[in-house]
2 protein chains.
Amino acid sequence: MRIGQLADLAGVTPRTVRYYESLGLLGPSERQGSGFRYYTQVALTRLQKINDLKALGFSLEEIAHMLPLYFEELSNRCHLQALIEILQQRLQETDEKLVSLSHLREDLQASLDRLQRVLEESASESSFNMNEVNTQEISGLIVD
Amino acid sequence: MRIGQLADLAGVTPRTVRYYESLGLLGPSERQGSGFRYYTQVALTRLQKINDLKALGFSLEEIAHMLPLYFEELSNRCHLQALIEILQQRLQETDEKLVSLSHLREDLQASLDRLQRVLEESASESSFNMNEVNTQEISGLIVD
DNA sequence: TTCAACTCTAACGTTAACGTCAAGTAATTA
DNA sequence: TAATTACTTGACGTTAACGTTAGAGTTGAA
């Protein structure tokens with residue numbers, strides 16, 4: 001397939017594909033004489049993985065370091081050790097991020113509970129309902 | 001305290017503090033005649049919370065929506081309901097992010113295990129050690 | 001009082017991750 | 001074959017989150 005179709009399937013624009021290529025994230029595709037880029041399913045898989053990692057908040061530079069772990073061959077031992085170190089670092093950062101996010105989640109839940117109580121209090125205080133407070137909405141807030 | 005000290009304590013620059021103020025993240029501080037900004041401990045706490053949220057990958061715009069949950073008073077019921085909705089959304093997004101991050105962590109761990117095995121194989125294959133592979137480093141990689 | 005250090009506003013510069021436009025070429029459809 | 005798409009490179013534009021510089025006023029210690 002060509003760049004337009006690849007971009008559509010991956011939910012990005014051709015511009016983005018070319019940009020990723022310029023950063024070395026997508027390897028220089030085949031140019032069959034015409035100058036057009038032609039791609040296979042592999043490129044799509046790679047693009048989707050890039051999107052996944054981006055959604056997790058990684059920069060393209062970081063992603064460039066992580067992609068070999070998913071796609072590239074493990075050539076020599078030297079390269080392999082470098083990858084292991086990168087991976088070790090990523091794993092640690094991920095664990096830290098998980099901890100922080102868990103804390104944030106607790107904060108959010110606590111704030112939610114607090115607001116809920118405040119809302120209930122204000123509901124019982126005022127004898128007539130000014131703003132049509134729907135308590136059904138509130139009971140659905142707790143996800144856990 | 002003035003802007004320089006506040007910035008130092010929070011690990012940012014005065015420029016950043018002014019920028020946050022321009023976005024409404026730090027409220028217009030007191031200007032005692034001279035035109036200088038004077039802050040209290042409250043501003044520092046607020047700045048630190050901003051830093052925490054930034055570390056979690058939230059944009060300043062998102063943070064602007066979250067800060068009231070930590071600091072502002074819950075004035076009227078209308079405002080309160082708006083906050084509850086924002087919080088509900090954040091909580092859901094956080095849960096999704098936690099799931100994705102957990103998956104990433106599994107991927108990283110799996111890749112690490114794989115690399116580890118490859119390294120061991122290459123070590124047992126070659127009778128003489130070309131690159132001084134230190135197997136101690138590898139056993140320390142698994143965090144769990 | 002004086003002078004270095006701090007602060008003010010205003011404005012231009014920077015990086016990441018693209019968007020958008022231009023001018024030309026290739027492919028496809030009528 | 002002619003007209004519409006799709007693709008090419010190149011270059012300038014954009015947003016977020018500040019950095020940096022300039023020119024002028026303020027503080028506080030010696």
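A, B, ... follow the sequence lines: proteins, then strands. Residue 1 opens every chain. Since the model is a prediction, treat every value here as computed from it, not as a measurement.
- Using a 4.5 Å cut-off on side-chain heavy atoms (C-beta onward), D107(B) and K49(A) make contact.
- Side chain of R90(A) to backbone of H65(A): no donor-acceptor contact under 3.5 angstrom is found.
- The backbone N or O of Y19(A) sits less than 3.5 Å from a side-chain atom of S22(A), completing a donor-acceptor pair.
- Counting only distance, with no hydrogens or angles, the side chain of T16(B) and the backbone of V12(B) share no donor-acceptor pair below 3.5 Å.
- The distance from atom CZ of R18(A) to atom P of dC7(D) is 8 Å, rounded to the nearest whole Å.
- Atom CG of D8(B) and atom C1' of dT7(C) are 14 Å apart (whole Å).
- Under the 3.5 Å distance criterion, the side-chain polar atoms of R105(B) are left unmatched by any main-chain donor or acceptor of Q92(A).
- The main-chain N or O of R2(A) is never found under 3.5 Å from a side-chain atom of Q5(A) such that the two would form a donor-acceptor pair.
- Remark: P of dG28(D) and CE of M1(B) are 15 Å apart, rounded to the nearest angstrom.
- Between I3(A) atom CD1 and dT5(D) atom C1' the separation is 15 Å, expressed in whole Å.
- Taking every heavy atom of residues 34-41 of chain A and every atom of DNA chain C, pairs under 4.0 Å involve S34(A), F36(A), by number.
- Taking 4.5 Å as the limit, every side-chain heavy atom of K97(A) sits out of range of all side-chain heavy atoms of K97(B).
- The distance from atom CD of E21(B) to atom C1' of dT7(C) is 13 Å, rounded to the nearest whole Å.
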Derivation of the side-chain contact (heavy atoms from CB on, under 4.5 Å) call for L67(A) and I63(A): CA-CA 6 Å; L67(A) 281 181; I63(A) 292 174; 3.9 Å; yes
Name the pairs: protein N/O against N/O of nucleotides 11-21 of chain C, kept only if under 3.5 Å.
| residue | atom | partner | partner atom | Å |
| --- | --- | --- | --- | --- |
| dA17(C) | OP1 | L60(A) | N | 3.1 |
| dC18(C) | OP2 | Y20(A) | OH | 2.7 |
| dC18(C) | OP2 | K54(A) | NZ | 3.2 |
| dC18(C) | N4 | R15(A) | NH2 | 3.2 |
| dG19(C) | OP2 | T13(A) | OG1 | 2.7 |
| dG19(C) | OP2 | T16(A) | OG1 | 3.4 |
| dG19(C) | N7 | R15(A) | NE | 3.1 |
| dG19(C) | O6 | R15(A) | NH2 | 3.1 |

